[in-house]
*Asks:* 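First the structure, then my questions, so here it is.
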Amino acid sequence: MTHDRIRVEQGDITQQRVDAIVNAANSSLLGGGGVDGAIHRAAGPELLEACREIGGCPTGEARITYGYNLAATYVIHTVGPIWAGGDQGEDALLASAYRTSLELARDHEAASVAFPAISTGAYGFPLQRATRIAVDETVAFLEGNELPETVTFVCFDAVTREVYESALRELPD
Ligand code: AR6
């Protein structure tokens, strides 16, 4: 059952003891605020060095580095779209950010992956719409792949957690 492989938690993604955490980065990959800033602070300066060597990432794609001082072995850096009203391809780009992150996790044999709510902070993507995309892409991917075994959506606040929990409850059995 795919749903057994999806969890929702409230907390700080940098504290997750999983094989890979996903970062909501920007296309420079050189750090920023929000979850990106928290991950870089917790991982230490080697993470920025590794990102510098990669040299950037287009919106809707993902790149992988080690996690350095984090408990997580890997950080998967993905770039979600900046919300621009909804008719600029934002849905497809956000879906692609989740899908390419999950592909990288699978290809690096990560059994456990944690995602933040990509694009829903500084990038302004409406939370419910983003959550539906996150859940739908993850369910579709897990149905077709044995890895990752589990995906945890790490919600920074209670409102986000409630939106994710209700999206999961609405999934067909
Ligand atoms: N753990 C889990 N979730 C977090 C954490 C944390 N430690 N900190 C914040 N969040 P945002 P975006 C939540 O703005 O919208 C950066 O500057 C936050 O509450 O981090 O994709 C990048 O460099 C929200 O629910 O990412 C980019 O320039 C979610 O993470 C830009 O922001 C995403 O909020 C990306 O914007």
Side-chain angles (χ1 to χ4, degrees), residues 6-45 47-65 67-72 74-86 88-102 104-105 112-135 137-138 150-168:
I6 300 179
R7 283 151 208 183
V8 177
E9 277 185 29
Q10 190 178 338
D12 177 354
I13 202 166
T14 66
Q15 302 305 308
Q16 286 280 315
R17 308 195 75 81
V18 289
D19 295 326
I21 65 171
V22 178
N23 183 16
N26 60 64
S27 55
S28 77
L29 297 186
L30 297 179
V35 71
D36 193 7
I39 289 172
H40 275 275
R41 275 193 300 280
L47 183 65
L48 183 57
E49 205 36 59
C51 287
R52 219 187 282 285
E53 277 171 28
I54 292 170
C57 176
T59 303
E61 294 188 22
R63 302 288 185 266
I64 193 165
T65 64
Y68 303 101
N69 296 339
L70 292 164
Y74 297 110
V75 178
I76 295 169
H77 308 262
T78 193
V79 184
I82 300 171
W83 181 255
Q88 304 292 314
E90 294 97 323
D91 290 348
L93 287 166
L94 187 62
S96 172
Y98 279 93
R99 197 165 52 249
T100 56
S101 296
L102 288 162
L104 273 178
S112 51
V113 178
F115 278 94
I118 297 163
S119 283
T120 68
Y123 279 2
F125 205 116
L127 178 60
Q128 300 215 3
R129 184 159 165 167
T131 303
R132 213 156 35 235
I133 292 167
V135 169
E137 278 306 315
T138 301
T150 64
V151 169
T152 305
F153 293 113
V154 181
C155 304
F156 207 43
D157 54 63
V159 170
T160 306
R161 177 172 52 76
E162 280 157 20
V163 169
Y164 269 85
E165 284 173 347
S166 96
L168 285 176

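Just so you know, ligand 1 is whichever comes first in the structure, and atom 1 is the first atom listed for that ligand. Atoms considered below: every heavy atom in the structure, side chains included; atoms not considered: hydrogens, waters and symmetry mates.
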*Asks:* Can you tell me if CD on Q88 sees more than 12 non-hydrogen neighbours from other groups inside 6.0 Å?
*Replies:* yes

*Asks:* Distance check, rounded to the nearest 0.5 Å: T65 atom OG1 versus L29 atom CG?
*Replies:*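 The CG atom of L29 is 9.0 Å from OG1 of T65, to the nearest 0.5 Å.
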
*Asks:* Check each atom of ligand 1 against the heavy atoms of D36 and keep those under 4.0 Å away; list them by number with element.
*Replies:*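 Heavy-atom distances to D36 below 4.0 Å select 22 (C), 23 (O).
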
*Asks:* Any non-hydrogen side-chain atom of S119 less than 4.5 Å from a side-chain atom of E90?
*Replies:* no

*Asks:* For ligand 1, which part of A24 has a heavy atom less than 4.0 Å away: the side chain, the backbone, both, or neither?
*Replies:*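 Both backbone and side chain.
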
*Asks:* What protein heavy atom sits nearest atom 29 (C) of ligand 1, and how far off is it?
*Replies:*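 That would be A117 O, 3.4 Å.
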
*Asks:* For atom 7 (N) of ligand 1, what's the nearest protein heavy-atom neighbour? Residue, atom name and distance, please.
*Replies:*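 The closest heavy atom on the protein side is D12 OD1, 2.8 Å.
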
*Asks:* Among protein heavy atoms, which sits nearest to atom 16 (C) of ligand 1, and what does the distance come to when rounded to 0.1 Å?
*Replies:*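 Atom 16 (C) of ligand 1 sits closest to the protein heavy atom G33 O, 3.4 Å.
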
*Asks:* I'd like to check W83 versus R129 (side-chain heavy atoms, cut-off strictly below 4.5 Å). Are they in contact?
*Replies:*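 When only atoms from C-beta onward are counted, R129 and W83 do touch, with a gap below 4.5 Å.
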
*Asks:* Identify the protein heavy atom lying closest to atom 21 (O) of ligand 1, giving its residue, its atom name and the separation to 0.1 Å.
*Replies:* S119 N, 2.8 Å

*Asks:* Of W83, F153, F156, which has the heavy atom at the shortest distance from atom 4 (C) of ligand 1?
*Replies:* F156

*Asks:* With the side chain counted from C-beta on, respond yes when F153 and T138 share a heavy-atom pair under 4.5 Å apart, and no when they do not.
*Replies:* yes

*Asks:* Hey, does L48 have a side-chain heavy atom less than 4.5 Å from the side chain of L30?
*Replies:*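 Heavy-atom side-chain distance check passes, below 4.5 Å.
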
*Asks:* Is there a heavy atom of G11 sitting under 4.0 angstrom from any atom of ligand 1?
*Replies:* yes

*Asks:* I'd like to know if T120 contacts ligand 1, where contact means a heavy-atom distance under 4.0 Å to any ligand atom.
*Replies:* yes

*Asks:* Determine whether V79 and E61 make a side-chain contact, defined as any pair of heavy atoms from C-beta on separated by less than 4.5 Å.
*Replies:*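 Result no, sub-4.5 Å side-chain heavy-atom pair not found.
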
*Asks:* Does some side-chain heavy atom of H77 sit less than 4.5 Å from a side-chain heavy atom of C57?
*Replies:* no

*Asks:* Nearest protein heavy-atom contact for atom 32 (O) of ligand 1: which residue, which atom, what distance?
*Replies:*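 I find the closest protein heavy atom is A122 CB, 3.7 Å.
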
*Asks:* Roughly how far apart are I21 CD1 and D12 CG, rounded to 0.5 Å?
*Replies:* 8.5 Å

*Asks:* Apply side-chain contact (heavy atoms from CB on, under 4.5 Å) to residues L47 and I39 and explain how you reach the verdict.
*Replies:* CA-CA 9 Å; L47 183 65; I39 289 172; 3.9 Å; yes

*Asks:* Which atoms of ligand 1 have any heavy atom of G32 under 4.0 Å away?
*Replies:* 17 (O), 23 (O)

*Asks:* To the nearest 0.1 Å, how far is atom 2 (C) of ligand 1 from its closest protein heavy atom, and which atom is that?
*Replies:*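 I find the closest protein heavy atom is I13 N, 3.6 Å.
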
*Asks:* Measure the distance from atom 15 (O) of ligand 1 to every protein heavy atom, then report the residue, atom name and distance (to 0.1 Å) of the closest one.
*Replies:*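 Of the protein heavy atoms, G121 N, 2.8 Å lies nearest.
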
*Asks:* Under a 4.0 angstrom heavy-atom cut-off, which atoms of ligand 1 come close to A38?
*Replies:* 7 (N)

*Asks:* For atom 31 (C) of ligand 1, find the nearest protein heavy atom and state the residue, atom name and distance (0.1 Å precision).
*Replies:*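 Of the protein heavy atoms, Y123 CE1, 3.5 Å lies nearest.
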
*Asks:* Report yes if some N/O of V35 lies less than 3.5 Å from some N/O of ligand 1; otherwise report no.
*Replies:*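 Checking ligand 1 against V35, an N or O pair does fall under 3.5 Å apart.
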
